[in-house]
Protein chains: 2
Amino acid sequence: MPDGSGAARLGVLSRPGCVGLCEQCRIRGLAVCRALEPQALDELAALATRLELPAKKLLFDEGEPARSLFTLVEGVVKLYKALPDGRRQITGFLLPGDFLGLAHFTSYAYSAEAVTEVGLCRFPREGFLRLLERHPALERELLSRASSELAAAQEQMLLLGRKSAKERVASFLLSFARRQAMVGRELVALPMSRNDIADYLGLTIETVSRSIRAVEEEGLIRLVDRHHYRVVDPDRLRRAAAAG
Amino acid sequence: MPDGSGAARLGVLSRPGCVGLCEQCRIRGLAVCRALEPQALDELAALATRLELPAKKLLFDEGEPARSLFTLVEGVVKLYKALPDGRRQITGFLLPGDFLGLAHFTSYAYSAEAVTEVGLCRFPREGFLRLLERHPALERELLSRASSELAAAQEQMLLLGRKSAKERVASFLLSFARRQAMVGRELVALPMSRNDIADYLGLTIETVSRSIRAVEEEGLIRLVDRHHYRVVDPDRLRRAAAAG
DNA sequence: CGCGTTTTTGACAAATATCAATGCAGGTGG
DNA sequence: CCACCTGCATTGATATTTGTCAAAAACGCG
């Protein structure tokens, strides 16, 4: 079952500290250890440039020629589309292990911006596409991820089209906690601003703020501070999210 | 640029009457004439079962084991997800040439139902996946389509999260007309019910009805009858759709 | 032609957005 | 070290949009 989180439900979630430690994972994010033979892995590694960017840095903008593909190694990235008058819709938050930049056309269909400091691997489009042709396994992995993204996108459409504000917030808090595999006691980090959450859920910051408070007052979560929470009652949170 | 129509902006739009006429197109919908070598095409054809279904027939239901993949040859299909209490979100309308049933997991992530009478090709999952392994070109075609779907899904998230009722309706009328390549004088068929349009746009039927009327009264479209319209002023319609 | 279904229209209600303060926290400079 | 500043978040009062409920109209089918 997809969990509606917008990206990366692939079991490739980040293990902090893995980067630079595990030789196999040196190009993180491509589920490389799982899906690729060592040779393809090496070729990928040869292609990659390592990149560190500060929070709020724009990786690329909607409409710009798609020259690069990336895997996220560290931190959080948001993807979004905007209307001419400035209204924005965030279409997903990416966590370490996620892939971005696959454009069907020659330009990006969305913008990507670092939410926190991020570490990335950058692949030049041309080289990556050539590699793809030589390694069907890589192509299969991408297709698998794209299907998975598509399922998440559909879940998000259901949220945006049919859920109430409180249900949206509950869904988000639940699925974000799940992605960090921390539904139990663990503290969940919420690095993005209320504004980003609002733009992800199709609400205003005020409504997000009020809805988070409502969910907390019912005892479904506990807000430790503005950017950390615990899921107190996963079952009731799931019901509050209108999750099937 | 994606047009937000939810599926099939691949130039594989239907040419009425092609089915059964053109030998190459006998398995329509896989962009077969474009992307595949003749041998793969023949193998695909050998795998396919032809299917005719009446309107309102359920092809498959969310959660059901994904035993088949389909290409739509004739008619219109809707894909949707539902909440336990019955609220529904239609995630896309499929036109001839479109592909459906690619499940990342072993069960379908959404339901599919015939809007009109439909003609389909059905492929058993197992055989199709084996074929996929032998024909990287087919895999590439699917990846290309999945990327394209993803872009459309993101466009739809923008619509659902950030557009007003009138903008949603204008966007829908415009992109549906474009998909039928009929932005000019031509009559656009709108085979689905107001209810389906509402469930696609995240609105109620009443709001859809009023918004269509508003768009018509401004002279952007002309409603011939409930299920046919003409785009009168594409430019102003595009602006009303808040399209960038 | 009549009946069930879908669509449109209207009056009203509810959810969420908007506008306006206020509060809080982290960073900076005195 | 503290006070202030700045940006983000919360809270409150009100406005707007869209949803809900009810009825009439149009359509499609026997």
Side-chain angles (χ1 to χ4, degrees), chain A residues 54-56 78 83 85-90 113 115-117 159-173 189-217 221-229 240 242, chain B residues 54-56 78 83 85-90 113 115-117 159-173 189-217 221-229 240 242:
Chain A
K56 301 190 184 174
K78 66 188 178 201
L83 292 172
D85 65 5
R87 282 175 286 173
R88 262 189 351 160
Q89 179 66 37
I90 291 181
E113 187 184 311
V115 171
T116 63
E117 280 189 27
L159 178 150
L160 292 169
R162 290 305 185 204
K163 289 188 184 178
S164 72
K166 210 178 91 187
E167 289 168 339
R168 294 183 202 200
V169 164
S171 301
F172 172 66
L173 293 174
L190 206 60
M192 67 291 287
S193 69
R194 294 293 188 264
N195 218 307
D196 284 346
I197 298 175
D199 282 344
Y200 181 57
L201 298 178
L203 300 169
T204 60
I205 52 174
E206 294 93 334
T207 300
V208 167
S209 186
R210 288 186 249 263
S211 302
I212 291 181
R213 159 158 291 261
V215 169
E216 176 170 36
E217 297 210 316
I221 64 154
R222 182 72 233 280
L223 212 53
V224 175
D225 66 46
R226 288 167 181 193
H227 292 288
H228 297 274
Y229 66 100
Chain B
K56 300 192 185 173
K78 65 188 177 201
L83 292 172
D85 65 5
R87 281 175 285 174
R88 260 188 354 160
Q89 179 65 40
I90 291 180
E113 188 183 312
V115 172
T116 62
E117 280 190 27
L159 178 149
L160 292 169
R162 291 304 184 205
K163 289 188 184 177
S164 72
K166 210 178 93 188
E167 288 168 339
R168 295 183 200 199
V169 164
S171 301
F172 172 67
L173 294 174
L190 206 59
M192 67 291 288
S193 69
R194 294 292 189 262
N195 218 306
D196 284 345
I197 298 175
D199 282 344
Y200 182 58
L201 299 178
L203 300 169
T204 59
I205 52 174
E206 293 93 334
T207 301
V208 167
S209 185
R210 287 186 249 262
S211 303
I212 291 179
R213 159 160 290 264
V215 169
E216 176 170 37
E217 296 210 319
I221 63 154
R222 182 74 231 281
L223 213 52
V224 175
D225 66 46
R226 289 166 181 194
H227 294 287
H228 298 272
Y229 66 99

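Residue numbers begin at 1 in each chain, while the letters A, B, ... track the order of the sequences.
For A:T207 and C:dA17, the shortest distance from a side-chain N or O to OP1 or OP2 is below 4.0 Å. Between B:H227 and C:dT6, a side-chain N or O to OP1/OP2 separation shorter than 4.0 Å is absent.
From one end of the helix from C:dC1-D:dG30 to C:dG30-D:dC1 to the other, with five pairs defining each end axis, the axis direction shifts by 30° (rounded to 10°).
Side-chain N or O atoms of A:R162 include none that pairs as donor or acceptor with a backbone N or O of B:R87 at under 3.5 Å. The backbone N or O of B:A242 sits nowhere less than 3.5 Å from a side-chain atom of B:E167 that would complete a donor-acceptor pair. The closest donor-acceptor contact from the side chain of B:R194 to the backbone of B:R226 lies under 3.5 Å.
As a whole-Å value, the separation of A:R194 CZ from C:dG23 P is 19 Å. Taking atom NZ on B:K56 and atom P on C:dT5, their separation rounds to 10 Å, with Å as the unit. Distance, B:E216 CD to C:dT8 P: 10 Å, rounded to whole Å. As rounded to whole Å, 8 Å separates atom P of C:dA17 from atom CZ of A:R168. The separation between A:R87 atom CZ and C:dA17 atom P is 13 Å, rounded to whole Å. Straight-line distance from the CG atom of B:L203 to the C1' atom of C:dA15: 14 Å, rounded to whole Å.
In the set C:dC19, C:dG10, C:dA17, the nucleotide with an atom closest to the side chain of B:E206 is C:dG10.
Remark: B:R88 pairs with B:D196, B:D199 by the side-chain hydrogen bond (donor to acceptor under 3.5 Å, both in side chains) rule, at least two apart or across chains.
Side-chain contact between B:V208 and B:Y200 is absent, with no heavy-atom pair separated by less than 4.5 Å. With contacts defined as side-chain heavy-atom distances shorter than 4.5 Å, the pair B:R168/B:S211 does not qualify.
Base contact: B:R210 has a heavy atom under 4.0 Å from a base atom. Across all strands, A:T204 comes closer than 4.0 Å to base atoms (heavy-atom distances). Base engagement by B:R226 is indicated by at least one non-hydrogen atom pair under 4.0 Å involving a base atom.
Chain B approaches DNA chain D over the interval D:dT18 to D:dC27, counting the first and last nucleotide 5' to 3' with an atom under 4.0 Å from its heavy atoms.
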